[in-house]
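Notes follow the structure.
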Amino acid sequence: MISITAPERPIAAVDGFAYLLRLSFADVDFLNSSPSKKAQQKMQDAFTPAQAAQTLDFVNGLPGDVHSLVVHCEGGFSRSCAIALALHKRFGYVAEVERLSKGNPSVLHLNRPGFSRHS
């Protein structure tokens, strides 16, 4: 499971998963050239290249007998969708792509091979 929370929120109460990655980042799109004032205030807590690498390391480190991966966040339509869509594109995981259309573009962009947030 990949569990995502906002920096100002407590970690999610998820038990029973043998493999668990916890991430904390704000749901802001740093690719947006004109973010709202609220988004600007949260920009320092945006998804980072280090978190993208951590996500890929986690997935690459899963044993071969793991056949399903749950990705969740509080809202369930932006941060988690972007991670799920990135993993679908990167590893070919089965996903209902039409349900992931509102994924955060910055998160999806950072999960591209070779991408650096500051490039």
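Bear in mind that the values here come from a model prediction, so they are computed numbers and not experimental data.
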### Message
Is there a side-chain contact (heavy atoms from CB on, under 4.5 Å) between Lys42 and Glu8? Walk through the geometry before answering.
### Response
CA-CA 10 Å; Lys42 294 184 175 191; Glu8 69 276 5; 4.0 Å; yes

### Task
Please lay out, stage by stage, how Asp27 and Phe47 fare under the test side-chain contact (heavy atoms from CB on, under 4.5 Å).
CA-CA 8 Å; Asp27 190 12; Phe47 191 67; over 6 Å; no

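To the nearest 0.5 Å, atoms CG (Leu87) and OG1 (Thr55) are separated by 7.5 Å. For the atom pair CZ of Arg22 and CZ of Phe58, the computed distance is 11.0 Å after rounding to the nearest 0.5 Å.
Side chain of Ser106 to backbone of Phe30: a donor-acceptor contact under 3.5 angstrom is found. The main-chain N or O of Val28 is found under 3.5 Å from a side-chain atom of Asn104 such that the two form a donor-acceptor pair. Within the 3.5 Å criterion, the main-chain N or O of Val94 finds no donor-acceptor partner in the side chain of His88. Side chain of Arg90 to backbone of Leu85: no donor-acceptor contact under 3.5 angstrom is found. Checked by atom type and distance alone, the side chain of Arg79 pairs as donor or acceptor with a backbone atom of Phe25 at under 3.5 Å.
The same ILVMFWY cluster, assembled from side-chain heavy atoms under 4.5 Å apart, contains both Leu62 and Ile2. By the rule that hydrophobic residues join a cluster once side-chain heavy atoms approach within less than 4.5 Å of another member, Leu31 and Met43 end up as members of one cluster. Note on Val59: it clusters hydrophobically with Tyr19, by side-chain heavy-atom contacts below 4.5 Å among ILVMFWY residues.
Looking only at side-chain heavy atoms (C-beta outward), Leu21 and Gln54 come within less than 4.5 Å of each other. In this structure, the side chains of Leu108 and Pro105 stay at 4.5 Å or more apart for every pair of heavy atoms. For the pair Val107 and Ile83, the minimum side-chain heavy-atom distance is below 4.5 Å. Side-chain contact between Leu56 and Phe91 is present, with at least one heavy-atom pair separated by less than 4.5 Å.
Residue pairs meeting the salt bridge (Lys or Arg N to Asp or Glu O under 4.0 Å) criterion with at least one member in residues 53-75, sequence neighbours excluded, are Arg9-Glu74. Within the structure, salt bridge (Lys or Arg N to Asp or Glu O under 4.0 Å) pairs that include any residue of residues 98-109 comprise Glu96-Arg99 (at least two apart or interchain).
Remark: Ser3 pairs with His72 by the side chain to side chain donor-acceptor pair (under 3.5 Å) rule, at least two apart or across chains.
The side-chain contact (heavy atoms from CB on, under 4.5 Å) test with Ser80 singles out one residue from Val71, Val70, Leu23, and that residue is Val71.
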